[in-house]
Amino acid sequence: MPELPDVVGMKRYLDSTSLHQKITHTQIRDDRIVKGCSVQMLYRRLHGAKMTGTVQHGKFLFADLSADGWLVLHFGMTGSLAYYSRDEKPPEYTRMLIDFAGGAHLAYLSKRMLGRLSVADDPQKYLDDNDVGPDALSDEVTADRFIEAMSERRGALKPALMDQSLFSGLGNIYSDEVLFQAGLHPRLEAADLDTSQLRKLYKAMRTVLKAAAEEGGDISGFGQWLVNHRGKGKTCPRCGTEVKSISIAGRRGWFCPECQRKS
DNA sequence: TTCCATGTTCCGCA
DNA sequence: TTGCGGAACATGGA
């Protein structure tokens, strides 16, 4: 689930449930999920703190702990949050459990343990240290900047879109959708595109991410989107041609061979 | 049982 | 130097 739009949804969820409540207890239920700092450090920063706000950047979510720095959340392929009040049992796959003074809880879930929890003194510094580029929906990523970066890049479009050091937020699913809406084949190279095609790619990226982010990542209602028609035997929502898949940069990408020509 | 999966990272190779 | 394929990580579900 968690690409940029999903993390926007996660931010909304955290903001609407968990802010300004004193953290009375934190439990890491599997140490392996904490990366880049010690479990003790994470406990120390969280205990007694309040989350006063959040910042979403690409696939990252940062929770402001005020004087205690920031809690860094990354969701990997199967991460999510669950807030619940009272004395319910924590959901399955809870890797971190935060208890609030009022008795409510915030659980960080990760089925496959591919997510990451950490602490940071400053989000931007953390992003820089981890070689994460600007958020793909931020004002920083203008058409001109996008076109410039892409035309300097060699190799296929799809891995370029998924490269978090260029622009952060797109993963396998959304890169498929962006290429579909731009009418471009995933194996095309940026260097083969003219400016108007790159502009179209940029517009598709922004449109797709914006629409999906508004839904908090729940794009199941977008029947015309390719990603709701990924899979063997499925057909293109635009022209009815059977969709195809290719392996590219270690991932399986889906596309319409009619709408997304190589030339 | 085998393969695949919305993520990242590391290695070897071209 | 850059980008890619493949493996690794870890685990569940089809």
Side-chain angles (χ1 to χ4, degrees), chain A residues 1-11 28-37 56-61 72-81 91-96 108-118 126-133 135-136 148-180 185-192 205 208-209 211-213 215-220 222 225-234 243 245-255:
Chain A
M1 217 211 236
E3 299 180 33
L4 184 150
D6 311 282
V7 180
V8 169
M10 235 74 91
K11 171 181 163 57
I28 299 292
R29 308 179 116 209
D30 191 319
D31 288 1
R32 293 171 301 173
I33 205 68
V34 178
K35 291 161 193 171
C37 76
Q56 169 270 330
H57 183 114
K59 302 175 188 174
F60 285 92
L61 184 60
V72 182
L73 303 112
H74 190 283
F75 298 95
M77 283 169 93
T78 56
S80 63
L81 297 172
E92 203 178 0
Y93 309 120
T94 295
R95 309 304 183 184
M96 177 179 70
Y108 167 91
L109 321 180
S110 180
K111 193 185 278 184
R112 284 172 53 200
M113 295 290 298
L114 293 174
R116 181 195 315 179
L117 294 173
S118 197
Y126 182 88
L127 294 165
D128 291 343
D129 290 347
N130 286 278
D131 202 20
V132 179
D135 180 282
E148 191 191 340
M150 289 303 275
S151 36
E152 282 169 4
R153 167 94 179 195
R154 291 180 294 132
L157 286 180
K158 185 173 163 68
L161 289 173
M162 290 194 292
D163 185 340
Q164 302 299 297
S165 69
L166 244 43
F167 314 106
S168 72
L170 288 173
N172 198 24
I173 294 280
Y174 284 97
S175 59
D176 274 2
E177 188 62 40
V178 168
L179 289 166
F180 173 69
H185 192 285
R187 270 207 217 282
L188 277 170
E189 303 200 4
D192 296 336
M205 179 180 84
V208 164
L209 288 179
E215 301 301 321
D218 178 11
I219 51 175
S220 54
F222 297 157
W225 282 27
L226 177 78
V227 291
N228 288 317
H229 306 266
R230 284 165 117 246
K232 214 170 158 44
K234 302 278 179 66
V243 296
S245 83
I246 48 166
S247 171
I248 183 165
R251 311 304 303 274
R252 183 135 306 266
W254 293 87
F255 66 103

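In the text below, chain A, chain B and the rest are named by the order of the sequence lines, each starting its count at 1.
- Phosphate proximity of B:dT8 to A:His74: present, with a side-chain N or O under 4.0 Å from OP1 or OP2.
- The shortest distance between the side-chain N/O atoms of A:Arg153 and the OP1/OP2 oxygens of C:dG3 is below 4.0 Å.
- The shortest distance between the side-chain N/O atoms of A:Arg32 and the OP1/OP2 oxygens of C:dT11 is below 4.0 Å.
- A heavy-atom distance below 4.5 Å is found between the side chains of A:Ser118 and A:Tyr126.
- Atom CG of A:Leu73 is separated from atom P of B:dG7 by 17 Å (rounded to the nearest Å).
- Between B:dT9 and A:Arg116, a contact under 4.0 Å exists linking OP1 or OP2 to a side-chain N or O.
- In this structure, A:Arg112 atom CZ and B:dG7 atom P are separated by 10 Å, rounded to whole Å.
- Looking at A:Phe222 and A:Glu177, their side chains never come closer than 4.5 Å, going by heavy atoms from C-beta outward.
- Across the protein-nucleic acid pair, A:Met162 atom CE and B:dT9 atom C1' stand 14 Å apart, rounded to whole Å.
- Nucleotides of DNA chain B nearest to A:Gln164 and A:Trp254 differ in position, and the one nearer the 5' end is that of A:Trp254.
- Comparing C:dG3, C:dG5, B:dA5 against the side chain of A:Met77 picks out B:dA5 as the nearest.
- Between A:Arg251 and the phosphate of C:dA7, there is no side-chain N or O to OP1/OP2 separation shorter than 4.0 Å.
- Closest to the side chain of A:Tyr93, from the set B:dT8, C:dC4, C:dG12, is C:dG12.
- For the pair A:Arg187 and A:Arg154, both in contact range of DNA chain C, the more 5′-proximal nearest nucleotide belongs to A:Arg154.
- Between the CD1 atom of A:Ile173 and the P atom of B:dA5 there is a distance of 10 Å, given to the nearest Å.
- In this structure, the side chains of A:Ile33 and A:Ser110 come closer than 4.5 Å at one or more pairs of heavy atoms.
- Remark: B:dA5 base-pairs with C:dT11. Criterion, Watson-Crick or G-U wobble with two distances under 3.5 Å.
- As rounded to whole Å, 14 Å separates atom P of C:dC4 from atom CG of A:Asn172.
- Spacing of P atoms, B:dC3 relative to C:dG6, comes out at 15 Å, to the nearest Å.
- Within the 4.0 Å cut-off from OP1 or OP2 of B:dA5, not a single side-chain nitrogen or oxygen of A:Lys111 is found.
- A:Ala160 comes within 4.0 angstrom of nothing in the nucleic acid, heavy atoms only.
- Going from atom CG of A:Leu166 over to atom P of B:dT8 covers 14 Å, rounded to whole Å.
- Within the nucleic acid shown, A:Arg230 comes within 4.0 Å of sugar-phosphate atoms alone, with no base atom in reach, counting heavy atoms only.
- Put simply, CZ on A:Arg252 is 16 Å from P on C:dC4, counting in whole angstrom units.
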**Q.** Check against side-chain contact (heavy atoms from CB on, under 4.5 Å), A:Leu73 and A:Tyr108
**A.** CA-CA 9 Å; A:Leu73 303 112; A:Tyr108 167 91; 3.8 Å; yes

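- Atom CZ of A:Phe75 is separated from atom P of B:dA5 by 23 Å (rounded to the nearest Å).
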Q. Which is it for A:Phe60 and A:Asp135 under the side-chain contact (heavy atoms from CB on, under 4.5 Å) test, yes or no, and what are the steps along the way?
A. CA-CA 10 Å; A:Phe60 285 92; A:Asp135 180 282; over 6 Å; no

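- Using a 4.5 Å heavy-atom cutoff, the side chains of A:Phe255 and A:Leu179 are not in contact.
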